[in-house]
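These figures come from a predicted structure and were not determined experimentally.
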Amino acid sequence: MLRIAVPNKGSLSGPASAMLHEAGYQQRKESKELVLVDPVNEVEFFYLRPRDIAIYVSSGRLDIGITGRDLLLDSGANAEEILELGFARSTFRYATKPGTAKGVEDFDGMTIATSYEGIVAKHLADNGIDASVVHLDGAVETSIDLGVAQVIADVVETGTSLRNAGLEVIGEPILDSQAVVIRRTGANGEDPKVQQFLRRLQGVLVARSYVMMDYDCRVEHLEQAVALTPGLESPTISPLHHEGWVAVRSMVAAKEAQRIMDDLYDLGARAILTTAIHACRL
């Protein structure tokens, strides 16, 4: 069986399980379940702390895992990402009290508090900065008021919690992160079970990004309509019983669907419908 690590809690857990369910895999019903066997798909899921997943995968005990790019890089594990999953997006930034520093070049001799010691230490070294790094778990914003550090490095989504703590984001982002699928570095990239798993997840990503659009169009306007809905290869076109009309079916990007519907209507197309795509293979 393919052995896969899945986040057991936090912002990665729910979206990861939802994507796996959409991809046709069984998922646990109780949060206390640590292992789930899906015999139909020949997969065994292990629900682990997101921060530990890269370590388990790098050991070779598990074949692949889902975790955050930030957690992968911070772990220093011998693992690599093989597919971006598009959820749990975040930016890793420095923050401090206004007037303390303008960027990483001002951090010499300072202490930086973070839950991601590996990422920060590497970033400082890459920039030639001689600063101390203090590892803290949980909210690091209070470390400045308590005199533990002059700067913090943390995941920033909206920045609200930092502003509430009287801090400001400084410098360029250290890292842009999101959920990723990982495997041990150097593992067999042609493993058919892994490739099937990746195809399923890629199918979910495409299905979430596209809708199927159907409409009726006059033959004399067909070329203009097809230019609006070219599809992935080309649209499907079928003659209608009413002479001079055809039915067109094509995949279009979901974010552009409403605009395309407006343009088709202005062109004279009618019976314009969109339907969700639940799964696909390209």
Side-chain angles (χ1 to χ4, degrees), residues 1-20 23 25-28 31 33-38 41-92 112 114-126 133-138 140 153-155 173-202 204-205:
M1 284 192 171
L2 189 66
R3 296 159 64 87
I4 302 174
V6 183
N8 67 345
K9 60 182 178 180
S11 61
L12 289 164
S13 178
S17 289
M19 177 171 278
L20 291 169
Y25 295 103
Q26 294 182 29
Q27 286 298 284
R28 62 180 183 174
S31 61
E33 291 183 72
L34 301 180
V35 180
L36 183 144
V37 178
D38 182 351
N41 292 298
E42 298 184 333
V43 172
E44 192 171 9
F45 293 104
F46 295 82
Y47 296 89
L48 306 169
R49 289 179 67 245
R51 188 172 282 276
D52 296 337
I53 286 175
I55 303 297
Y56 281 105
V57 172
S58 70
S59 73
R61 300 290 183 178
L62 300 180
D63 299 300
I64 51 179
I66 296 175
T67 189
R69 178 181 293 143
D70 53 350
L71 298 175
L72 166 63
L73 295 178
D74 191 59
S75 71
N78 187 34
E80 60 185 1
E81 65 176 80
I82 54 176
L83 179 65
E84 295 181 339
L85 297 178
F87 63 85
R89 294 181 183 275
S90 62
T91 304
F92 199 62
I112 302 166
T114 184
S115 300
Y116 298 81
E117 185 177 2
I119 291 176
V120 174
K122 183 178 185 304
H123 188 259
L124 293 173
D126 289 345
V133 180
V134 175
H135 179 87
L136 296 175
D137 287 320
V140 297
D154 203 6
V155 172
I174 305 169
L175 174 70
D176 289 318
S177 183
Q178 63 174 291
V180 294
V181 179
I182 65 171
R183 69 180 176 195
R184 182 170 54 86
T185 303
N188 178 16
E190 302 303 320
D191 185 328
K193 291 183 179 180
V194 173
Q195 290 303 312
Q196 182 187 67
F197 179 79
L198 294 177
R199 280 196 302 272
R200 287 197 181 192
L201 294 190
Q202 288 166 336
V204 172
L205 292 171

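Rounded to the nearest 0.5 Å, atoms CD1 (I82) and CG (L201) are 9.5 Å apart. From D70, atom CG reaches atom CG of D154 across 10.0 Å, with rounding to the nearest 0.5 Å. The line from CG of L85 to CZ of R69 is 10.0 Å long, rounded to the nearest 0.5 Å. From R89, atom CZ reaches atom CD of Q178 across 4.5 Å, with rounding to the nearest 0.5 Å. To the nearest 0.5 Å, the span separating CZ on F45 from CZ on R28 amounts to 12.0 Å. To the nearest 0.5 Å, atom OG of residue S90 and atom CG of residue L175 are 7.5 Å apart.
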What verdict does the ring pair (Phe, Tyr, Trp, His ring centres under 6.0 Å) test give for Y116 and F92, after you've listed the backbone C-alpha separation in whole Å, the side-chain angles of each residue and the deciding distance to 0.1 Å? CA-CA 10 Å; Y116 298 81; F92 199 62; 5.0 Å; yes

For T67 and I182, what are the C-alpha separation, side-chain angles and deciding distance, and is it a side-chain contact (heavy atoms from CB on, under 4.5 Å)? CA-CA 7 Å; T67 189; I182 65 171; 3.9 Å; yes

Could you please spell out the steps behind the side-chain contact (heavy atoms from CB on, under 4.5 Å) verdict for R51 and D74? CA-CA 9 Å; R51 188 172 282 276; D74 191 59; 2.9 Å; yes

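The two residues V57 and G65 have their closest heavy-atom pair at CG2-N, 3.8 Å. The shortest non-hydrogen separation linking A77 to A54 is CB-O, 3.6 Å. The heavy-atom pair separating S75 from I55 by the smallest distance is CB-CD1, 4.1 Å. Closest approach of S115 and L136 over heavy atoms only: OG-O, 2.6 Å. Scanning both residues, Q26 and D38, for their nearest heavy atoms gives N-OD2, 3.0 Å. Nearest heavy-atom pair across E84 and V180 is CA-CG1, 4.2 Å.
Other residues, nucleotides and ligands contribute more than 12 heavy atoms inside 6.0 Å of the OH atom of Y47.
Side-chain contact check for L205 versus F87: every heavy-atom pair is 4.5 Å or farther apart. At least one side-chain heavy atom of L2 sits less than 4.5 Å from a side-chain heavy atom of I64. Under the 4.5 Å side-chain criterion, counting only non-hydrogen atoms from C-beta, V140 is not in contact with T114. Counting heavy atoms from C-beta on, the side chains of L20 and I66 come closer than 4.5 Å. Side-chain contact between L72 and I53 is absent, with no heavy-atom pair separated by less than 4.5 Å. No side-chain heavy atom of I4 sits less than 4.5 Å from a side-chain heavy atom of Y25.
For residues 173-184, the salt bridge (charged side-chain N to carboxylate O under 4.0 Å, His left out) pairs, not counting sequence neighbours, are E80-R183. Sorted by first and then second residue, the pairs that involve residues 189-202 and meet side chain to side chain donor-acceptor pair (under 3.5 Å), not counting sequence neighbours, are N41-R200.
The closest donor-acceptor contact from the side chain of S13 to the backbone of G10 lies at 3.5 Å or more, if one exists at all.
Every salt bridge (Lys or Arg N to Asp or Glu O under 4.0 Å) that R49 has, sequence neighbours left out, goes to D52.
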